[in-house]
Protein chains: 2
Amino acid sequence: MPASIKEIAKMTGYSAQTVSRVLNNNGAGHRKSTCDEILKVAESMGYRPNALARAMVLGKFGSIGLLLSTNAGRSYLPSSLLTSIHDTLADQNLHLTIGRLPDEKLVDSDYMPKMLREWTCDGFLINYTDHAPKEMTDLIHRSRLPSIWINNKREDDCVHPDDFGGGKLAVEYLRTQGHTRIAYLHYRWGESLEDAHYSVVDRMEGYKAGMREAGLDPWILTKGHKIHQEARVETCKEWLVLPDRPTAVITYTSPEYIQIAGLELGMKWEEIPQVLSFSDRPVSIAGRPQTIVYLDQYLLGRAAVESLLEKTLNPEQKLAPKKIEYCVNIGPDKVFRLPPS
Amino acid sequence: MPASIKEIAKMTGYSAQTVSRVLNNNGAGHRKSTCDEILKVAESMGYRPNALARAMVLGKFGSIGLLLSTNAGRSYLPSSLLTSIHDTLADQNLHLTIGRLPDEKLVDSDYMPKMLREWTCDGFLINYTDHAPKEMTDLIHRSRLPSIWINNKREDDCVHPDDFGGGKLAVEYLRTQGHTRIAYLHYRWGESLEDAHYSVVDRMEGYKAGMREAGLDPWILTKGHKIHQEARVETCKEWLVLPDRPTAVITYTSPEYIQIAGLELGMKWEEIPQVLSFSDRPVSIAGRPQTIVYLDQYLLGRAAVESLLEKTLNPEQKLAPKKIEYCVNIGPDKVFRLPPS
DNA sequence: TTGAAAGCGATACCAT
DNA sequence: ATGGTATCGCTTTCAA
């Protein structure tokens with residue numbers, strides 16, 4: 001137990017109030033000798049203010065809760081996002097507290113995660129990628145705390161990447177490179193996309209829209225069913241040997257299937273179609289930096305925190321969704337993006 | 001502001017103590033009608049206990065701080081580690097609070113991160129991969145809170161993977177597969193390894209020890225200088241065309257350089273040496289699952305929390321370092337590990 | 001079965 | 001320039 005103000009008061013003979021003032025207000029309105037003595041004793045006793053007590057008086061927790069799902073894949077939290085959330089909060093002298101909600105248990109009315117059962121923080125950032133179970137939405141609503149959803153498309157109070165725009169952007173970039181035979185590689189055909197993250201649909205729809213605007217026909221490379229990991233390279237090979245194969249390919253993620261397929265067919269790197277995939281960090285394949293449709297998670301995190309802080313000031317208001325734009329990351333520090341419209 | 005106990009007391013006419021007891025002790029020693037009424041009113045007012053006030057009375061924060069460096073690469077926090085830390089804490093009804101310390105600023109005596117400046121939690125988990133600056137160690141020490149270091153080799157109070165054992169294990173596994181021409185691929189030669197994470201040295205030394213125990217000569221594939229990303233594939237090609245090339249290769253991470261090199265040389269997958277790399281998650285290359293030397297971050301996180309809780313009970317004691325063992329992950333659910341010695 | 005009072009550590013307000 | 005007192009929301013102890 002570190003020393004409290006009271007103990008310092010006892011040691012120095014001053015009252016608790018004097019000690020508090022000297023320690024907090026930088027000693028304004030106090031004799032220099034008083035300050036010196038109190039500061040010296042505080043230092044020697046290793047005094048550190050108790051954030052709990054301070055928060056209680058102030059009526060705020062000084063802390064924001066980040067809610068994640070325990071369901072792997074339902075909460076996407078790359079370290080760049082965690083970092084940006086933390087740092088934006090730190091600028092406001094706020095803590096970040098982590099909470100994970102087990103989907104299965106939420107249905108059980110006996111169960112209630114600590115963060116929702118107790119009153120622990122001033123607001124929530126909810127990182128719940130897919131469709132949240134109704135029980136969870138209810139619980140959060142009943143907590144009456146301001147909340148912002150991350151990576152989730154809702155009618156209000158959310159921040160998410162503009163995946164539709166990203167798909168369009170990919171096409172526009174490839175057009176500037178002179179490509180016309182631009183295909184979209186879709187491994188998940190046949191799988192129900194209703195439960196999937198909105199980006200699975202949006203990226204492809206954005207691609208289609210981009211193609212149409214460029215006067216080109218959308219061209220989806222796919223099978224009538226989902227293509228599992230192990231089968232992807234072989235499938236890509238089928239596409240690569242087509243006489244009119246695409247010169248460029250856009251894909252949700254993982255550009256390497258088509259590239260490995262090319263290599264296995266004995267193609268040189270220059271002969272393999274250009275692959276544009278989505279990512280939030282630089283992608284290299286065996287030391288070769290790849291051009292990607294890039295999302296800056298830092299922007300996402302910062303926007304989410306800013307929205308939440310705004311809501312803290314006025315909890316009743318509903319905030320319009322915020323979209324974060326992609327850019328095409330061509331090389332070190334070289335970026336292609338659309339002019340703001 | 002959610003309702004407080006006092007308000008419920010006022011509403012129901014009972015005293016605050018009665019309300020508190022009914023709400024916390026499950027109503028033990030109270031008339032059923034009293035319980036019912038209080039519970040009903042509490043429910044209708046949306047009562048949730050204020051964790052702050054409770055913590056203050058209890059004299060504990062109910063929260064553990066996870067300290068990270070802002071210096072990318074100095075804190076390795078895969079989501080599996082974050083998850084295991086969180087969940088082990090949650091089992092004990094403890095929060096997890098995140099704090100990031102900017103290395104540069106720590107030298108500045110004016111600067112002090114909130115987590116160390118104020119008294120905010122009951123202990124620290126320090127995820128600081130490389131050698132921490134002395135200022136930081138001092139600050140943490142002065143905070144007088146129990147702390148455990150993660151992923152860091154120190155004389156006491158730390159939990160880290162057994163990378164030396166992992167290197168040996170890799171050799172022993174490959175021996176069971178009949179390999180004798182086993183090389184270690186080292187791209188970082190010539191770089192000062194003093195600042196590097198201990199695992200860079202330990203994995204290689206473990207490999208050497210394993211080879212000697214098997215009666216084989218260690219065989220390090222390297223250049224006289226650091227091999228940069230872009231040059232690795234070409235360098236691997238030089239090694240692959242050696243007449244007495246290895247049949248198996250162990251490498252710190254990223255098995256794909258040698259495999260891509262093989263493909264570019266026109267080799268079939270079966271002709272490419274088996275590559276064993278270290279990882280804490282399954283590795284697939286273009287849909288092909290790779291055999292890896294695998295570390296379960298869940299064990300690491302849990303061990304760290306358990307150590308910290310132990311230290312909380314008795315802050316003076318120094319805990320012996322805990323090593324987490326690797327295993328070789330061969331296929332789905334198939335694992336090779338050494339018998340406990 | 002219920003209630004009154006004290007206290008956790010810090011701050012705000014009002015005195016002196 | 002300094003101190004007294006009340007307060008935040010809750011729990012613990014003791015008394016009725």
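Throughout, a chain's letter reflects where its sequence line sits, starting with A, and its residues are numbered from 1.
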Rounded distance (Å) that lies between atom [atom2] of [N] and atom [atom1] of [X]:
X: A/Leu52; N: C/dA10; atom1: CG; atom2: P; result: 10 Å
X: B/Arg48; N: D/dC10; atom1: CZ; atom2: P; result: 11 Å
X: A/Lys10; N: C/dG9; atom1: NZ; atom2: P; result: 11 Å
X: B/Glu118; N: C/dA10; atom1: CD; atom2: C1'; result: 11 Å
X: A/His30; N: C/dT16; atom1: NE2; atom2: C1'; result: 14 Å
X: A/Met56; N: D/dC8; atom1: CE; atom2: C1'; result: 4 Å
X: A/Tyr14; N: D/dG3; atom1: OH; atom2: C1'; result: 13 Å

Inter-end axis angle, the helix from C/dT1-D/dA16 to C/dT16-D/dA1, with every axis fitted to five base pairs (rounded, 10 degrees):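 So the angle between the two local helix axes works out to 50°.
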With respect to the phosphate group of D/dC8, does any side-chain polar atom (N or O) of B/Lys6 fall under 4.0 Å of OP1 or OP2?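 Result: yes.
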Quick one: side chain to side chain donor-acceptor pair (under 3.5 Å) partners of [X], sequence neighbours excluded?
X: A/Asp156; answer: none
X: A/Thr120; answer: none
X: B/Lys153; answer: B/Asp202

Which residues satisfy the salt bridge (Lys or Arg N to Asp or Glu O under 4.0 Å) test with B/Arg48, sequence neighbours excluded?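 For B/Arg48, no residue satisfies salt bridge (Lys or Arg N to Asp or Glu O under 4.0 Å) once neighbours in sequence are set aside.
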Which residues pass the salt bridge (Lys or Arg N to Asp or Glu O under 4.0 Å) test with B/Asp162, not counting sequence neighbours?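 Salt bridge (Lys or Arg N to Asp or Glu O under 4.0 Å) check on B/Asp162 returns nothing, list empty.
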Would you tabulate the side-chain donor-acceptor contacts of residues 297-304 of chain A under 3.5 Å, counting partners in other chains and residues two or more places apart, or write 'none'?
| from | atom 1 | to | atom 2 | distance (Å) |
| --- | --- | --- | --- | --- |
| A/Gln297 | NE2 | A/Asp280 | OD2 | 2.8 |

Pairs in or reaching into residues 68-90 of chain A: which pass salt bridge (Lys or Arg N to Asp or Glu O under 4.0 Å), with residues at least two apart or in two chains?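 Pairs touching residues 68-90 of chain A that pass the test: A/Arg74-A/Asp103, A/Asp87-B/Arg100.
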Considering residues, nucleotides and ligands other than A/Lys114, do more than 12 of their heavy atoms fall under 6.0 Å from its NZ?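 Yes, enclosed.
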Between D/dT2, C/dT2, D/dG9, which nucleotide has the shortest distance from any of its atoms to the side chain of B/Thr18?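 Among D/dT2, C/dT2, D/dG9, the one nearest the side chain of B/Thr18 is C/dT2.
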Could you work out, with ring-ring contact (aromatic ring centres under 6.0 Å, His included) as the rule, every residue matching B/Tyr128, not counting sequence neighbours?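 Partners of B/Tyr128 by the ring-ring contact (aromatic ring centres under 6.0 Å, His included) criterion come out as none, since no residue qualifies.
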Quick one: list whatever passes ring-ring contact (aromatic ring centres under 6.0 Å, His included) with A/His160, sequence neighbours left out.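 So A/His160 forms a ring-ring contact (aromatic ring centres under 6.0 Å, His included) with A/Tyr198.
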Does any residue of residues 31-41 of chain A have a heavy atom under 4.0 Å from DNA chain D, and if so, which ones, in number order?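 Of all residues in residues 31-41 of chain A, the ones placing a heavy atom under 4.0 Å from DNA chain D are A/Arg31, A/Thr34.
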When you check every protein heavy atom under 4.0 Å of nucleotides 11-16 of chain D, what one-letter string (B, S, -) results, 5' to 3'? BB----
Looking at A/Glu37, A/Arg31, A/Lys32, which hits side-chain contact (heavy atoms from CB on, under 4.5 Å) with A/Thr34?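 Answer to the side-chain contact (heavy atoms from CB on, under 4.5 Å) test with A/Thr34 among A/Glu37, A/Arg31, A/Lys32: A/Arg31.
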